[in-house]
Amino acid sequence: MSAAPRRVVVVGDVVLDRELVGGVHRVAPDAPVPVVDLEQTVESPGGAGLTALLAAGPGDAPVRVALVAPVADDEAGRRLVELLPGVEVVVLPHAGGTRRKSRVRGNGQVLLRLDDGGPGSPGPLDAPLRARVAGLLAEADVVLVSDYGAGTTRDPVLRELLTSVAASTPVVWDPHPRGGDPVPGCALVTPNLAEARAAAGDGSLGAAEAAALVRERWAARAVCVTAGADGAFCAVAGSEVLHVPAVPAAGDPCGAGDRFAATAAVRIAATGALSPAVARAVEDASAWVARGGTSGFFARAAATDGATATAPRTAAARGAESAREVAARVRAAGGTLVATGGCFDVLHAGHVGCLEAARALGDALVVLVNSDASVARLKGPGRPVVGQADRERVLRALSSVDAVVVFDEDDPRAALEALRPDVWAKGGDYGGAELPEAPLVRGWGGRVVLLPYLDGRSTTRILERGRA
């Protein structure tokens with residue numbers, strides 16, 4: 001029986017993001033400015049809308065997401081709601097027109113941003129609406145406040161409700177300099193370094209010092225200051241500051257804070273554990289930057305026929321994509337997709353050599369990994385000694401690996417059928433016997449390749465030596 005979905009309630013300010021995309025081939029005759037020949041207009045939810053969409057995206061734990069936000073009764077507001085499939089939207093009164101951020105992009109570069117609409121702060125909440133919001137908050141496994149400075153977090157009614165729920169339910173608060181302070185008792189507040197310094201009133205503070213100071217000021221249980229490539233510094237009541245390093249990523253940081261907060265909230269809802277949630281959030285935020293930020297996220301969603309994309313699960317650009325995304329990317333470029341598989345219980349030099357050799361056969365490598373139950377059936381009692389989550393994470397960290405798929409069956413045929421790689425590579429210790437999956441791979445025009453086996457290396461021998 002699968003676990004019941006966890007309930008995530010997002011509260012905050014929404015924005016309609018628009019990208020006007022085209023090519024630049026000439027300069028205007030009446031002014032020294034580029035002329036953009038418009039090719040497409042892309043609309044997407046921003047602010048708390050993006051945060052809610054990320055929380056609702058595919059992940060380790062099933063979730064149900066509700067968004068509580070002021071939404072204007074205009075065409076742009078209705079479009080915003082349409083762009084949030086799978087999210088229950090509770091519409092609060094909205095002052096002014098829908099806030100829009102429009103970026104004009106020519107030849108891949110942002111040339112201009114236009115902001116209009118607003119102010120966006122909520123109007124008075126009548127008794128039925130207040131009761132509905134209070135009911136949603138009471139049912140939540142975690143509440144995520146996504147503040148974009150439009151006034152939602154300054155509303156006295158909402159602050160009263162959030163203060164009340166913070167006493168019994170984890171509240172994750174992503175603050176904004178123009179927003180209200182986090183209510184007392186938040187489980188986690190996630191400012192970036194500039195926001196934390198501003199809140200502390202000292203622009204020279206280091207991230208660790210700022211985290212400790214603003215945690216006391218905000219009376220929060222934990223404050224995690226995000227510091228880009230330097231990772232995150234988390235101050236927890238009664239403990240030393242925790243530093244979670246990040247793998248530096250070059251790319252577009254737009255939306256990385258939303259990705260961080262959404263991951264942290266979902267993981268806290270699923271497990272209740274702060275430190276692993278922060279570590280995962282740092283990984284996801286780094287990978288988000290590496291893969292093009294918000295623009296990259298919605299481009300991937302469009303490339304998969306509008307399906308909701310999700311942030312990758314590790315900080316490296318490789319190993320961050322899902323197998324489906326890797327396959328789509330490689331095939332779109334006319335490349336060769338390689339797959340290999342195994343238990344990878346105790347990763348050793350033989351595994352690493354095979355993986356590097358497999359990756360050299362094409363343009364991307366997907367590794368199919370036996371689940372814990374599958375390994376136990378194949379290898380016997382006491383195996384695996386390393387659980388599937390850890391095995392998966394170690395494999396994703398290798399530069400030779402682009403994606404990992406865990407399968408429950410005793411052989412990889414079902415996983416292969418779903419992936420359909422161009423090359424199926426296996427270690428040379430399988431030589432002399434027909435692989436059960438070989439006819440399947442050849443059936444769609446793929447080929448099977450045996451790789452050199454590094455003699456004397458095997459998980460079984462390593463474990464036997466350890467026992468001896």
Side-chain angles (χ1 to χ4, degrees), residues 8-21 38 40-56 65-105 112-137 143-162 173-180 254-255 257-258 261-262 294-295 297-298 301 306 308:
V8 179
V9 177
V10 180
V11 180
D13 313 297
V14 293
V15 181
L16 181 63
D17 283 333
R18 304 171 72 241
E19 289 212 356
L20 287 71
V21 182
L38 187 63
Q40 64 175 150
T41 299
V42 180
E43 295 180 322
S44 58
L50 173 61
T51 304
L53 196 62
L54 294 177
V65 177
L67 170 64
V68 178
V71 179
D73 185 17
D74 56 17
E75 182 179 352
R78 290 184 287 274
R79 178 62 177 151
L80 251 174
V81 175
E82 291 175 359
L83 291 168
L84 292 166
V87 176
E88 176 189 355
V89 182
V90 178
V91 174
L92 305 182
H94 187 283
T98 296
R99 296 170 68 211
R100 300 190 302 176
K101 294 181 180 179
S102 302
R103 296 173 178 83
V104 180
R105 190 182 294 270
L112 178 70
R113 194 182 100 178
L114 301 173
D115 291 4
D116 65 337
S121 56
L125 274 65
D126 59 25
L129 187 54
R130 174 174 176 153
R132 185 181 180 193
V133 174
L136 271 177
L137 295 176
V143 175
L144 171 53
V145 178
S146 179
D147 190 355
Y148 267 75
T152 298
T153 58
R154 293 186 179 277
D155 181 82
V157 173
L158 288 175
R159 290 191 67 82
E160 179 184 344
L161 293 173
L162 290 168
W173 193 294
D174 189 10
H176 191 281
R178 295 194 302 272
C254 182
D258 301 308
T294 302
S295 297
F297 172 79
F298 286 109
T308 300

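Values in this document were obtained by computation on a predicted structure and should not be read as measured data. In what follows, every heavy atom counts, from backbone to side chain, and hydrogens, waters and symmetry copies are set aside. One-based numbering along the sequence shown.
Between Thr153 atom OG1 and Asp13 atom CG the span is 6.5 Å, to the nearest 0.5 Å. Atom OG1 of Thr98 sits about 3.5 Å away from atom CG of Asp74, to the nearest 0.5 Å. In this structure, the separation between CZ on Arg99 and CG on Asp17 is 10.0 Å, given to the nearest 0.5 Å. Between atom CG of residue Leu67 and atom CG of residue Leu144 there is a gap of 10.0 Å, rounded to the nearest 0.5 Å. Remark: Leu162 CG to Trp173 CH2 distance equals 5.0 Å, nearest 0.5 Å.
Between Val68 and Leu137, the closest side-chain pair of non-hydrogen atoms is not below 4.5 Å.
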Under 3.5 Å, sequence neighbours excluded: what are the donor-acceptor pairs made by side chains of residues 42-49?
| from | atom 1 | to | atom 2 | distance (Å) |
| --- | --- | --- | --- | --- |
| Glu43 | OE1 | Arg79 | NE | 2.9 |

Table please: side-chain donor-acceptor pairs of residues 86-96 below 3.5 Å, with sequence neighbours left out.
| from | atom 1 | to | atom 2 | distance (Å) |
| --- | --- | --- | --- | --- |
| Glu88 | OE1 | Arg7 | NH2 | 2.9 |
| Glu88 | OE2 | Arg132 | NH2 | 3.4 |
| His94 | ND1 | Gly96 | O | 2.9 |

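In this structure, Arg18 and Ser102 approach most closely via the heavy-atom pair NH1-OG, 3.1 Å. Nearest approach of Leu158 to Asp155, heavy atoms of both residues: N-OD2, 3.0 Å. For the residue pair Leu54 and Ala262, the shortest heavy atom distance occurs at CB-CB, 3.9 Å. The two residues Ala76 and Leu16 come nearest to each other via the heavy atoms CB-CD2, 3.8 Å. Gly77 and Val71 get closest at one heavy-atom pair: O-CG1, 3.7 Å. Among all heavy-atom pairs drawn from Val14 and Leu80, the shortest one is CG2-CD1, 3.8 Å.
The number of heavy atoms from other shown groups lying within 6.0 Å of CG (Asp73) does not exceed 12. Heavy-atom neighbours of Glu75 CD from other residues, nucleotides or ligands within 6.0 Å: at or below the threshold of 12.
With hydrogens and angles ignored, the 3.5 Å screen pairs no side-chain donor or acceptor of Asp258 with any backbone N or O of Thr51. Here the side chain of Thr294 pairs a donor or acceptor atom with the backbone of Cys254 at under 3.5 angstrom.
If you check the side chains of Ser146 and Asp174, you find no donor sitting under 3.5 Å from an acceptor.
When each of Arg103, Arg100, Lys101, Arg105 is paired with Glu19, the salt bridge (charged side-chain N to carboxylate O under 4.0 Å, His left out) condition holds for Arg105 and for no other.
With sequence neighbours excluded, no residue forms a salt bridge (Lys or Arg N to Asp or Glu O under 4.0 Å) with Arg178.
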